[in-house]
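These numbers come from a predicted model, not from an experiment. Within every chain, numbering begins at 1; the chains are lettered A, B, ... in the order of the sequence lines, protein sequences first and strands thereafter.
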There are 4 protein chains.
Amino acid sequence: MRSIEYSQKDILIFNGVINLIKGGANPYLITVSEIAASAGVGKGTIYDYFESKEEVIKKAILFNFNNEIDYFYKKIATKKGFKEKYYEIFNSIVENLQNKFSTVNILMTLGKLPEFHISEKQDSCEFNKHILRIQAIIDDLLVSGYKEGIIKKIESQYYQNMVIKSSLFSFTNYMSMQMIYKETSVKEAMDAAYKIVIKSLN
Amino acid sequence: MRSIEYSQKDILIFNGVINLIKGGANPYLITVSEIAASAGVGKGTIYDYFESKEEVIKKAILFNFNNEIDYFYKKIATKKGFKEKYYEIFNSIVENLQNKFSTVNILMTLGKLPEFHISEKQDSCEFNKHILRIQAIIDDLLVSGYKEGIIKKIESQYYQNMVIKSSLFSFTNYMSMQMIYKETSVKEAMDAAYKIVIKSLN
Amino acid sequence: MRSIEYSQKDILIFNGVINLIKGGANPYLITVSEIAASAGVGKGTIYDYFESKEEVIKKAILFNFNNEIDYFYKKIATKKGFKEKYYEIFNSIVENLQNKFSTVNILMTLGKLPEFHISEKQDSCEFNKHILRIQAIIDDLLVSGYKEGIIKKIESQYYQNMVIKSSLFSFTNYMSMQMIYKETSVKEAMDAAYKIVIKSLN
Amino acid sequence: MRSIEYSQKDILIFNGVINLIKGGANPYLITVSEIAASAGVGKGTIYDYFESKEEVIKKAILFNFNNEIDYFYKKIATKKGFKEKYYEIFNSIVENLQNKFSTVNILMTLGKLPEFHISEKQDSCEFNKHILRIQAIIDDLLVSGYKEGIIKKIESQYYQNMVIKSSLFSFTNYMSMQMIYKETSVKEAMDAAYKIVIKSLN
DNA sequence: TATGAATGAGTTTTCATTCAT
DNA sequence: AATGAATGAAAACTCATTCAT
């Protein structure tokens, strides 16, 4: 379960990348100079800690995913009931919306994003860890649902999973495309997403 | 309703781009030389028809969206019943899956993809047209559902919309992440997605 | 004395070049497309009549020089007295000023301009012809001066020549740098240039 | 009075450009590769110090003008009498003749040369400084002439100015067109130019 | 004969990476 | 250990020239 341990300098550089991306930069178009400036280090320093630009950006994104999932997980764990947990996720999504490469995006595309050359074995492994952690969040949610009798019929594991993901997708889609859903309020979007779960799993 | 008219050479070049992307190339990393080679024209020719590399790629992607939506729309129109239409969409998704920038992706991310600098007015307008056409497909589907009494309760327009999108998302997600859903067959994934609609809209 | 004979199409193309230059274009930066457009012919046509872009521009400039010197010569010949001829030259310079590659410029730089690769023998020969024709104008002027007793002392041929050129230079310089000679009127500049001749050759 | 301060690398690159031009290259046809090779730096280095090829060449020419005028000014200042100063200018012109873009050329065309797109304000300002410095040289010369009583009659400022410029033009023209003045020696050309001043300003 | 679409050689420019300090 | 100046390979882009029509 232990993640790769990163040095303070590693993290400093990651934050440089993350801030660029959160500021709207396209990961594919970021330059080393930009990273160095954003991280407040020299360009050469980056090569003292990483092999290539690709590696820095890839690892920075994965590092950020990890952190955001942690944060997400903890926030949801503080809530007790199914509905409270669910709406806590909605709130996190709202909070997270600015970040183009945020956990929100993981949940939405569920793994489509880190296409940043997931070729090597190590990356693929890292990536799988993320999927498992997202799965854990969903499982936690489902367990709460069972306990409270909100999720009654015992559908297949796959179906239950997909209902949750789909429902969350619907809210994420609302948030990221708000401009085309002008007549719907955030509250209504949350309620609609929640209704999808309730009806589908009942 | 009429889209921008393109010359044969424009389309030849677009196909060069589209084939690269379908072959797995990242739109942000494609070079002009690659486009030229893929289209079977000289590098200079591309600049006789377009202002810049960015313009070619952006327009090629939008052109392809347009075509795929057309194809999608026509395929679905051939089917009569709600369920048949729905499963026709599933089939199209299966068919389409190779294309990273396919209609499937539009439907899934519903507009998140063409982030390829949709800043200028013209692009934004083009983009809106796509959203409207996707909406038309969804509306067509809903109408069939009403007629057949499959969609009974009159929920909000927004909710109905989101149910369809979420359900389609679930199948698209299955297809694009098949490696993590090894115990679930394509048929089961379709049925699960269909069940989400039926339960949510009933 | 007979100049190269040019076809109508040659001349059409030359005028394309000349118009571009008179419009402020830099001869070194003119493109074949621009010439074709300016001449109202196809790009290919230019290559039916000339070997290369360089050749077209070079010949066009020389052709224009020739024409302008002709015109110049004729205008001056219409005047009888030394002073009238001299002021006629001034008037021609004023008239000519817009044209960056005008006879004015020949007179001013006296041959420095057609540096447009005067390497081949033929060009060099063409170029010499121009110098001779300018010389003829100056000689004609000097003869008038002798006849009228304005040019008294018999200085060396070289000196007399240079006095005329220098004096004309002074006026040309005034015209082309008018912005730095704001307190001096055109009339005063002409008179000053004339005074230089009178005093130097007296 | 202080000019833009340039770094050592800037100057290294400028010298690359200047050497090419002094070697006969046409400023409009110089390539970045040539500049890099001539300056002994990598192509990329040029872009670390300048925005574009145009900027390098333009600034290099202005830089060179500045230096040559300095040199010119100092050389003339070492001489005391009017005639000695005047002949010192002639000597500088002889010395300078190789350089196509030398001070000689400034003096001759008096500002026509840096047509290298002097459009922006900063360039225009730089350029004005050059004109003022040339003017200072001429003024210095005129003062010497007054003191020695060589320049007697008090003609207009403009006239005196133009006499000097015209006279210098005559010698510069001799030097740059020596091939057409084969019967005249350098000494004779100097004497003729000097005679123009003496007679015109007396 | 006249054309302009097509080309690719040759430019300008960028930027990941290195390495002397 | 940290830097950023320097580099050149590789990219975008231009345009003289060709050639099928």
Classify the side chain of A:Lys43 and the base of E:dT17 as holding, or not holding, a donor-acceptor pair under 3.5 Å.
yes
Calculate the interatomic distance between [X] atom [atom1] and [N] atom [atom2]; express it in whole Å.
X	N	atom1	atom2	result
A:Ile46	F:dT3	CD1	C1'	11 Å
B:Phe50	F:dA12	CZ	C1'	16 Å
D:Glu51	E:dT13	CD	P	10 Å
C:Glu54	F:dC15	CD	P	15 Å
D:Tyr47	F:dA5	OH	P	19 Å
B:Asp48	F:dT17	CG	C1'	13 Å
B:Glu34	F:dA11	CD	P	7 Å
B:Tyr28	E:dT14	OH	P	20 Å

From F:dT3, E:dT17, F:dC13, nucleotide with atom closest to A:Lys53 side chain
E:dT17
Counting any heavy atom closer than 4.0 Å, what does [X] reach on the DNA or RNA strands: base, sugar-phosphate only, or nothing?
X	result
A:Tyr49	sugar-phosphate
B:Val32	sugar-phosphate
A:Thr31	sugar-phosphate

Going by the angle between their ring planes, with limits at 30° and 60°, are C:Tyr28 and D:Tyr28 parallel, tilted or perpendicular?
parallel
Look at the aromatic rings of B:Phe14 and B:Phe63 and report parallel, tilted or perpendicular, splitting at 30° and 60°.
tilted
Determine whether B:Asn67 and B:Tyr71 satisfy the following criterion, side chain to side chain contact (heavy atoms under 4.5 Å, CB included), listing intermediate values before the conclusion.
CA-CA 6 Å; B:Asn67 288 347; B:Tyr71 175 73; over 6 Å; no
Dot-bracket encoding per residue of DNA chain F, Watson-Crick/G-U cut-off under 3.5 Å, | denoting interstrand:
.||||||||||||||||||||
Using heavy atoms to find the nearest nucleotide of DNA chain F for C:Ile30 and A:Gly40 separately, return the residue whose nucleotide is more 5′.
A:Gly40
Using heavy-atom distances to pick each residue's nearest nucleotide on DNA chain F, tell me which of A:Gly44 and B:Ser52 is more 5'.
A:Gly44
Per nearest nucleotide of DNA chain E, the residue lying toward the 5' end, D:Thr45 or B:Thr45, is B:Thr45
If I compare all heavy atoms of B:Ser38 with all of B:Gly16, which pair ends up nearest, and what's the gap?
OG-O, 2.7 Å
Give the residues of residues 8-17 of chain A touching DNA chain F, defined as any heavy atom closer than 4.0 Å, sorted by residue number.
A:Lys9
Please check if the side chain of [X] supplies one atom and the backbone of [Y] the other of a donor-acceptor pair under 3.5 Å.
X	Y	result
D:Lys53	D:Ile30	yes
A:Asp10	A:Ser7	yes
B:Asn64	B:Ala60	no
A:Asn66	A:Leu62	no

Let's go through C:Val32 and C:Val56 carefully: what are the C-alpha distance in whole Å and the side-chain angles of both, what is the deciding distance for side chain to side chain contact (heavy atoms under 4.5 Å, CB included) to 0.1 Å, and is it a yes or a no?
CA-CA 9 Å; C:Val32 175; C:Val56 186; over 6 Å; no
Could you check whether A:Lys58 pairs with A:Glu54 (Lys NZ or Arg NE/NH1/NH2 to Asp/Glu carboxylate O, under 4.0 Å)?
no
